[in-house]
Amino acid sequence: METIARLLLVEDDKNIALGLEYSLRQEGFDAVVCGSVASAVQALDETAFDMAVLDLSLPDGTGYELCRLIKQRGDMPVVFLTARDDEVNVVMGLDMGADDYVTKPFRIRELISRLRSVLRRSRKTAAGRGVYEYGSIQVNTAEGKVYKNGRDVFLTALEYRLLLNLVNNEGHVLSRSQLLEGIWDVSGDFVNDNTLTVYIKRLREKIEDDPQNPVIIKTVRGLGYRV
């Protein structure tokens, strides 16, 4: 099944976490499960996520701490998952920047639906302001710049043109010939099929956490590439 988003799930109840992880993967989410604040922070440092689902009560802290850290780093959407449903906690979480708040017990279909809705809103908002976000990567088309974890990523004119072509066609597979047409002669040089392969490789090395297992620029065998 096609992965629609890489998700950080922070839940210390192992039974709930196991069931959620299975359900999320069945729905196309690549879920990474953590049971504490410390392990979640490590995961955030090592992996680019598209969204986070956080339990409030954790053995070494709270979901609020993680939400604050996530929002300091960027605009990744956050959904709180907790048994606490009183107004004070709901308002506190939303004031900190949480995008939604789901209380236990919940129906898994409802949770999946709300996660998809939050993800759509987040991507639409980012695209509307000329900013596209993929985990730790931010493509700001207004500035003509790319950032990773808030730091400027240097791309050549061809690399940026190639990435922009993919981003502007998010979700759609672009053939090699379509990509070649999009970057043709941008630097005054002839761009051929072998050159495209080289530039895809270089681009992945600059923006992917693991270039050998890309999660942003994906190869669709026999067809081309997509983000």
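All of these numbers come straight from a predicted model, not from anything done at the bench.
Distance alone, capped at 3.5 Å, places no donor-acceptor pair between the Ser113 side chain and the Arg109 backbone. Distance alone, capped at 3.5 Å, is enough to place a donor-acceptor pair between the Glu208 side chain and the Ile217 backbone. With hydrogens and angles disregarded, no donor-acceptor distance shorter than 3.5 Å links the side chain of Asp152 to the backbone of Lys145. Looking at Glu65, its side chain does come within 3.5 Å of a backbone N or O of Thr62 through a donor-acceptor pair. Checked by atom type and distance alone, the side chain of Asp99 pairs as donor or acceptor with a backbone atom of Val78 at under 3.5 Å. Side chain of Asp209 to main chain of Ala48: a donor-acceptor pair is present (N/O by atom type, distance under 3.5 Å, no hydrogens or angles).
Nearest approach of Ser36 to Val10, heavy atoms of both residues: O-CG1, 4.0 Å. For the pair Phe49 and Ala43, the tightest heavy-atom approach, listed with the atom from each and the gap, is CE1-O, 3.5 Å. Of all the heavy atoms in Ala17 and Leu9, the pair that sits closest is O-CD2, 4.1 Å. Residues Asp60 and Val37 approach most closely at OD1-N, 2.8 Å, considering heavy atoms. When every heavy atom of Leu119 is checked against every heavy atom of Ala5, the shortest pair comes out as CD2-CB, 3.5 Å. Of all the heavy atoms in Val153 and Tyr147, the pair that sits closest is CG2-C, 4.0 Å.
No continuous path of hydrophobic side-chain contacts links Val220 to Leu203 [ILVMFWY only; heavy atoms under 4.5 Å]. Cluster annotation: Leu223 is not connected to Leu166 through the hydrophobic network of ILVMFWY side chains, with a link wherever side-chain heavy atoms come within less than 4.5 Å. Both Met51 and Ile108 are part of a single hydrophobic cluster, where members link through side-chain heavy atoms under 4.5 Å apart. Leu179 and Val173 fall into different hydrophobic clusters, where Ile, Leu, Val, Met, Phe, Trp and Tyr are joined by side-chain heavy atoms under 4.5 Å apart, directly or via other members.
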Hey, mind stepping through Glu11 and Lys104 against salt bridge (Lys or Arg N to Asp or Glu O under 4.0 Å) and telling me if it holds?
-> CA-CA 12 Å; Glu11 168 61 67; Lys104 305 172 186 175; 2.9 Å; yes
Give the intermediate values and the outcome of side chain to side chain contact (heavy atoms under 4.5 Å, CB included) for residues Val131 and Thr141.
-> CA-CA 6 Å; Val131 177; Thr141 59; over 6 Å; no
Determine, step by step, whether Arg202 and Thr156 satisfy the side-chain hydrogen bond (donor to acceptor under 3.5 Å, both in side chains) criterion, reporting the C-alpha distance in whole Å, the side-chain angles of both residues, the deciding distance to 0.1 Å, and the verdict.
-> CA-CA 10 Å; Arg202 289 182 180 176; Thr156 65; over 6 Å; no
Residues Asp55, Leu58; criterion side chain to side chain contact (heavy atoms under 4.5 Å, CB included); working and verdict = CA-CA 7 Å; Asp55 188 16; Leu58 297 166; 4.2 Å; yes
Take Leu115 and Val79 through the test side chain to side chain contact (heavy atoms under 4.5 Å, CB included) and record every step on the way to the result.
-> CA-CA 8 Å; Leu115 292 182; Val79 174; 3.8 Å; yes
Show your working on side chain to side chain contact (heavy atoms under 4.5 Å, CB included) between Arg116 and Phe29 and close with a plain yes or no.
-> CA-CA 10 Å; Arg116 288 177 179 272; Phe29 288 89; 4.1 Å; yes
Can you check side-chain hydrogen bond (donor to acceptor under 3.5 Å, both in side chains) on Arg151 and Ser136, steps first, answer last?
-> CA-CA 10 Å; Arg151 297 182 179 180; Ser136 62; over 6 Å; no
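Applying the side-chain hydrogen bond (donor to acceptor under 3.5 Å, both in side chains) test to Asp45 and every residue at least two apart in sequence or in another chain returns Arg73. Applying the salt bridge (Lys or Arg N to Asp or Glu O under 4.0 Å) criterion to Arg68, with sequence neighbours excluded, gives no partner residue. Residues meeting the side-chain hydrogen bond (donor to acceptor under 3.5 Å, both in side chains) test with Asp100, sequence neighbours left out: Arg114. With sequence neighbours excluded, the residues that form a side-chain hydrogen bond (donor to acceptor under 3.5 Å, both in side chains) with Lys206 are Glu159. With sequence neighbours left out, Asn168 forms a side-chain hydrogen bond (donor to acceptor under 3.5 Å, both in side chains) with no residue at all.
How far CG of Leu164 is from OH of Tyr132: 7.5 Å, rounded to the nearest 0.5 Å. Atom CG of Leu8 is separated from atom OG1 of Thr47 by 8.5 Å, given to the nearest 0.5 angstrom. The distance from atom CD of Glu110 to atom CD1 of Ile112, rounded to the nearest 0.5 Å, is 11.0 Å.
For Gln212, the CD atom is loosely surrounded, since the number of other residues' heavy atoms within 6.0 Å does not exceed 12. Atom OH of Tyr22 is surrounded by 12 or fewer heavy atoms from other residues, nucleotides or ligands within 6.0 Å.
Between Glu170 and Arg226, none of the side-chain N atoms (NZ, or NE/NH1/NH2) sits under 4.0 Å from a carboxylate O, so this pair counts as no salt bridge.
Under the 4.5 Å side-chain criterion, counting only non-hydrogen atoms from C-beta, Tyr134 is in contact with Val227. A 4.5 Å side-chain heavy-atom check between Asp50 and Leu7 finds every atom pair outside the cut-off. The shortest side-chain heavy-atom distance between Asp210 and Asn213 falls under the 4.5 Å cut-off. Side-chain contact between Leu174 and Tyr225 is absent, with no heavy atoms from C-beta onward closer than 4.5 Å. Residues Val146 and Asn140 are not in side-chain contact: their nearest non-hydrogen atoms beyond the backbone lie 4.5 Å or more apart.
Applying the salt bridge (Lys or Arg N to Asp or Glu O under 4.0 Å) rule to pairs touching residues 12-24 yields Glu21-Arg25, sequence neighbours excluded.
The only option from Leu56, Val53, Leu54 that meets the side chain to side chain contact (heavy atoms under 4.5 Å, CB included) definition with Leu81 turns out to be Val53.
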